[in-house]
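Heads up, the thing below is written out as structure tokens.
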Amino acid sequence: MGFKNVPMSTAKPSENKESLFDSKLRAEIDKWIAKYPQEWRQSAVMAALMLVQEGNGGYLTTELMDKVAAYLDMAPIAVYEVASFYSMFELKPVGKHKVCVCTNVSCMINGSDRIVEYLEKKLDVKLGQTSKDGKYSLKEVECLGACGGAPMFQIGNKYYENLTPELIDSILDGLE
Amino acid sequence: MANEVCFRNMDQDRPWLLEQYRSRGGYEVLTGILKEKRSPESIINEVKASGLRGRGGAGFPTGLKWSFISRNTPGQKYVVCNSDEGEPGTFKDRDVLRYNPHQLIEGMVIAGYAIGATCGYNYIRGEFWEPYERFEAALEEARAAGFLGKDLFGSGFDFELHSHLGAGAYICGEETALLESIEGKKGQPRYKPPFPAHFGLYGKPTIINNTESLASIPVILEKGGEWFKALGVENSGGSKLFSISGNIKNPGVFEIPLGTPFSELLEMAGGMKDGSRIKAVIPGGSSAPVIPGEQMMELTMDYDAIAKAGSMLGSGAVIVLDESNCMVKVLERMSYFYYEESCGQCTPCREGTGWLYRVINRIETGRGRPEDLALLDDMTTKIAGRTICALGDAAAMPVQGMLRHFREEFEYHIAHKRCLVG
Ligand SMILES: Cc1cc2nc3c(=O)[nH]c(=O)nc-3n(C[C@H](O)[C@H](O)[C@H](O)COP(=O)(O)O)c2cc1C
Ligand code: SF4
Ligand code: FES
């Protein structure tokens, strides 16, 4: 058949993996590695990048991606490809709170334009940007699979649905 | 007749707990199979008899898909669940994960037994943190109670199940992109053939099914394929989860028998909001061509009825639009989505989705040209059917549907540089 499927691993596994991350982070990444066949350490790349990103204030640097590559015996380019493909990875600094507003159809016809406008004014930041004090980033996202609660946004791991200006005030005022 | 399958436990107070699931006979189908050493063929035949069609969008018969695996080839095989749920308008699998995770786990273990796989993955979209945590907690409970692990109930059958978290990419809902993603790569769809049944995850035979499809399995085997089939109508066996949203009073997820009139579903969802009038319905997620409201009010919710009306049931995501909506704006937003989410491998899709968006955007912003509608017609035929995966078709179909039913709104926009509505 001529189809092959092998990990895009480096010729030589990197040594001193312990020096790459602290023991807590290594334990977390190792939990993911253990889910996959032994030769497929790279299956843990998305989880590892997510953990590393969280530990770095919400974004990835080349240095961090290189470390993930070394830890998983991957070529650095393969890690950059993954980090730039998926929308939840950030390659530039972001605000402390990333407000991800869905503007897809169900949210749009339920007033997501007004939600975006309200947020832009309240946070003094444009869609796709980070506020001057570094506290908020405002990001437009595609359907988050919560259209029954339109309009909605996500901050951190949490969904907030059926948004109104009053509700937005109380949510944002509750954030540190 | 509602809430018989995936939502059968929705009246419980914390239905996601093992103890509550078991109080309704949960995991008894699985333990029965293991104790009797039921033959895998008879399980697959029961699923075939149920008429269950894949709930992820394509509607492929589940039992038939399982029978493509040659059980006796040595080596690892996999069961993969698709909880990527990214089709705009769809939000049902989130509720299966949040409220009925054990039924999904039981369904996946049974699927593993039926095809001879000892390992499974559930690919959950990265944004679904709460559903992921629920599913993880259920996995722990199931493991502790002996429903996952080695030599289950002394049967000699092993099954381990893990979740894999996505990181934001609609295309990873496409089954082969999803497999690439689990393998730690960009989510770019593979050429088919070979199909996953022969060359799937890590190159091994794999079945991949939607969350709702797999969660339906325990009930089908408990009550019988014929029972399930009889819930629905010809060619559309069973009941199905419908995510209904838009300009309606009580949006949400409803389990109803296939073949239920759309008007009843709309009523369950509280009807139109603020006395507004129905203009159009997108019956199966944003990739499904739009159907005008009056026509939709006469249709039933099953695969054949919606196909006959020129659209598709898809994932059962029903978006209801009222008369205040400008169809040019709605289509512009949908086209932007496909442009944004194209993985970029095939030229017709990568370039075509951008063209579609830019042309619709110029019509929406009052810069449309008289020849633009013919241009759009032409472009859709040059994208659909000429790409590696179905995202190309998914981008073309909504454009074709809108131009078929609401062409005059587009013409008005081009001629008058403003909306026909509002
Ligand atoms: C662009 C694209 C996106 C898709 N997204 C999903 C999805 O989010 N969830 C899903 O179950 N199937 C999705 N599918 C369909 C899958 O490729 C596949 O048909 C399905 O998971 C098979 O399971 P089923 O037979 O149980 O439906 C998508 C297909 C395409 C082409
Ligand atoms: S059709 Fe589009 S999304 Fe699918 S493989 Fe081709 S470029 Fe990628
Ligand atoms: S359209 Fe906003 S969550 Fe689906």
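All chains are named by letter (A, B, ...) in the order of the sequence lines, taking the proteins before the strands, and each is independently numbered beginning at 1.
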Which bit of [X] is near chain A, if near means a heavy-atom gap under 4.5 Å: side chain, backbone, both or neither?
X         : answer
Lys329(B) : both
Ile248(B) : neither
Asn325(B) : side chain
Phe128(B) : both
Ile319(B) : side chain
Val253(B) : neither
Cys172(B) : side chain
Glu127(B) : both
Thr90(B)  : backbone

Test item: side-chain donor near acceptor, [X] and [Y], under 3.5 Å:
X         : Y         : result
Ser324(B) : Asp322(B) : yes
Thr103(A) : Glu140(A) : yes
Tyr123(B) : Ser163(B) : no

Taking [X] first and then [Y], would you say they form a salt bridge - that is, a charged N and a carboxylate O separated by under 4.0 Å?
X         : Y         : result
Asp93(B)  : Arg55(B)  : no
Glu117(A) : Lys126(A) : no
Glu364(B) : Arg333(B) : no

Report which part of [X] has an atom under 4.5 Å of a heavy atom belonging to chain B: side chain, backbone, both, or neither.
X         : result
Glu161(A) : side chain
Ala47(A)  : neither
Val141(A) : backbone

Select, from [options], the one with the greatest count of heavy-atom pairs under 4.5 Å involving chain A.
options                                    : answer
Ala167(B), Gly168(B), Gly344(B)            : Ala167(B)
Lys273(B), Arg125(B), Glu133(B)            : Arg125(B)
Trp129(B), Tyr202(B), Tyr132(B)            : Tyr202(B)
Ala169(B), Gly187(B), Cys119(B), Gly203(B) : Gly187(B)
Gly86(B), Pro251(B), Gly252(B)             : Pro251(B)

* Quick check, are the ring centers of Tyr36(A) and His164(B) under 6.0 angstrom apart? -> yes
Quiz item: Taking the six-membered ring for Trp, are Phe153(A) and Tyr160(A) ring centroids under 6.0 Å apart?
Solution: yes
Chain B interface, residue from [options] that has the most non-hydrogen pairs under 4.5 Å:
options                                   : answer
Lys158(A), Glu142(A), Gln154(A), Met50(A) : Glu142(A)
Ile109(A), Asn110(A), Val82(A), Val45(A)  : Ile109(A)
Phe85(A), Phe89(A), Trp32(A)              : Phe85(A)

Looking at every non-hydrogen atom in both residues, tell me the closest pair between [X] and [Y] and how far apart they are.
X         : Y         : answer
Pro189(B) : Thr176(B) : CA-OG1, 3.5 Å
Pro283(B) : Pro289(B) : CD-O, 3.5 Å
Met334(B) : Val105(A) : CG-CG2, 3.3 Å
Leu391(B) : Glu341(B) : CD1-O, 4.1 Å

